[in-house]
Amino acid sequence: MITPDAEILQQWKELEQRIRFASSFVITTHQNPDADGIGSELALYRVLNKLGKEVHILNISPTPGNLTFMDPKRLCRRYVPSKHQPLLARADILIVLDAGSFARIGQLGQDALAAKRPVVAIDHHPKENNPLYLQEIVNSGDCSVGKLIYEFIMNTHPDLMDRDIATDLYIAIAGDTGNFRYGNTTARSHRIASELMQYGIDVYGIYCKLFGNISRSGIQLFSSVLQNIHFSEDKRVVWFVITRQMLHDNDADDMDTDGITDFLRMISGVEVSIMFKERLDGSTRINFRSKGAVSTNGIARRFGGGGHEHASGIVSVLPLNELYPEVVEAMVEHVRKTFNEN
């Protein structure tokens, strides 16, 4: 079993006490949830359910189609204020997982504050120090929230761990480490994966569903992207644009854009890969992925975003054509400065 440091261990003990004296919970994660957010939600749901608690998973966004295999019983529901406000209002604690910022849980967060619900945050993004939180449990050095939930379970209720929970946590960790390929992969994450495998989880099946299942429309979109990629003069930054028209022309959807930024980062000589994507409402989503030498979250924060040091992003109300040139220029200059070049 992985033993956390003393500070985090104390946080787990405090959370265990809060759970012991509460009876109902709502669990949520950030908009456009990923494998880490959903896997962590499901694992914590199962633990609280085994403890005899009333538990609901409510998310501001629906589960992406490529991750529905994680939740065959549809435990993760999309938050509908008119339907779920009463349920949220009677919850003893709202537990927010992997959000990065309280704002990323949207209307659900505002409704929880209006109902004066206590909020506990568990995260591996940089600490928010939000005064709204009753308790904020953060280790920004961890590979995933799934790893944190694993620590919580094994240091408070190890007898509750089973194959389903182990599967949820393995998917969470594999998802945020790129199947143990990204720079956030550590010896500890490998040890935890090994311990989870002892519960008989289907590792190869998880890999196939999480990383080995590309749609035909996704391949068509990828082909279109490859014909329109751009490089900075020093070839250290690569970027591409995905418009709604490109998605329509390739019979693709937003899920088909997953992984393209990571793939282009693998180009020899590239240090940072950037995706600019036009969203359905005309706003813009930008993803940054770095090989490790360049920190990207500073540029993300400059434009209202955030995230990890080497994997960050921006969601802006500005249309793509207004934001695109300024962000490219800022990142290209940042990369030059990182390598001390004029």
Side-chain angles (χ1 to χ4, degrees), residues 1-4 8-29 33 35-60 63 68 70-80 83-99 105 108-109 111-113 115-123 133-137 144-173 192 195-196 198-201:
M1 182 184 73
I2 303 298
T3 303
I8 293 291
L9 184 58
Q10 182 59 37
Q11 292 270 34
W12 294 141
K13 290 178 180 177
E14 291 180 17
L15 178 60
E16 196 277 332
Q17 288 294 312
R18 297 186 195 283
I19 289 173
R20 181 179 301 178
F21 294 106
S23 60
S24 60
F25 298 83
V26 167
I27 305 172
T28 194
T29 189
D36 187 26
I38 293 173
S40 299
E41 287 182 311
L42 290 168
L44 187 57
Y45 172 96
R46 298 186 206 282
V47 169
L48 295 176
N49 190 257
K50 284 187 173 186
L51 291 172
K53 311 296 182 177
E54 177 188 357
V55 198
H56 302 275
I57 300 176
L58 301 174
N59 294 329
I60 199 69
T63 300
T68 54
M70 298 176 64
D71 185 23
K73 294 183 179 179
R74 301 297 185 263
L75 298 173
C76 299
R77 292 178 287 168
R78 187 172 189 179
Y79 179 68
V80 179
K83 181 178 180 180
H84 297 130
Q85 276 178 344
L87 188 155
L88 181 62
R90 74 168 187 266
D92 293 319
I93 299 177
L94 169 65
I95 301 180
V96 180
L97 303 176
D98 194 37
I105 64 171
L108 187 150
D111 291 346
L113 294 182
K116 298 181 178 179
R117 294 301 84 201
V119 181
V120 171
I122 304 175
D123 210 343
Y133 295 145
L134 173 67
Q135 186 178 6
E136 186 177 12
I137 307 169
S144 63
V145 170
K147 182 261 185 187
L148 287 166
I149 299 299
Y150 172 84
E151 278 187 357
F152 169 69
I153 296 170
M154 299 308 288
N155 284 278
T156 57
H157 301 286
D159 56 307
L160 300 184
M161 181 65 77
D162 61 20
R163 187 175 187 270
D164 288 340
I165 296 172
T167 297
D168 295 332
L169 295 176
Y170 185 93
I171 294 173
I173 296 169
I192 290 174
E195 292 176 12
L196 292 171
Q198 295 177 21
Y199 291 88
I201 64 177

I'd like to know if the side chain of [X] reaches the main chain of [Y], judged simply by a donor and an acceptor atom lying under 3.5 Å from each other, with no hydrogens or angles considered.
{"X": "Glu41", "Y": "Thr29", "answer": "yes"}
{"X": "Ser24", "Y": "Lys53", "answer": "no"}
{"X": "His84", "Y": "Val80", "answer": "yes"}
{"X": "Arg117", "Y": "Ala91", "answer": "yes"}
{"X": "Asp36", "Y": "Val145", "answer": "yes"}

Can you list the steps and then say if Lys147 with Phe152 is a side chain to side chain contact (heavy atoms under 4.5 Å, CB included)?
CA-CA 9 Å; Lys147 182 261 185 187; Phe152 169 69; over 6 Å; no
Using a strict threshold of under 4.0 Å (side-chain N to carboxylate O), is an ion pair present between Lys50 and Asp162?
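Between Lys50 and Asp162 there is a salt bridge, with a charged N closer than 4.0 Å to a carboxylate O.
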Using side-chain hydrogen bond (donor to acceptor under 3.5 Å, both in side chains), reason through Tyr199 and Asp164 one step at a time and then give a plain yes or no.
CA-CA 9 Å; Tyr199 291 88; Asp164 288 340; over 6 Å; no
With side chain to side chain contact (heavy atoms under 4.5 Å, CB included) as the test, would you mind laying out the steps for Arg18 and Ile93 before giving the verdict?
CA-CA 9 Å; Arg18 297 186 195 283; Ile93 299 177; 4.0 Å; yes
Taking Gln135 as the fixed residue, which of Val120, Ile95, Ile122 is the one that meets the side-chain contact (heavy atoms from CB on, under 4.5 Å) rule?
Val120
Looking only at heavy atoms, which two atoms of Leu42 and Ile57 are closest? And how far apart?
CD2-CD1, 4.0 Å
Side chain to side chain contact (heavy atoms under 4.5 Å, CB included) between Asp98 and Ser40, intermediate numbers included:
CA-CA 8 Å; Asp98 194 37; Ser40 299; 5.9 Å; no
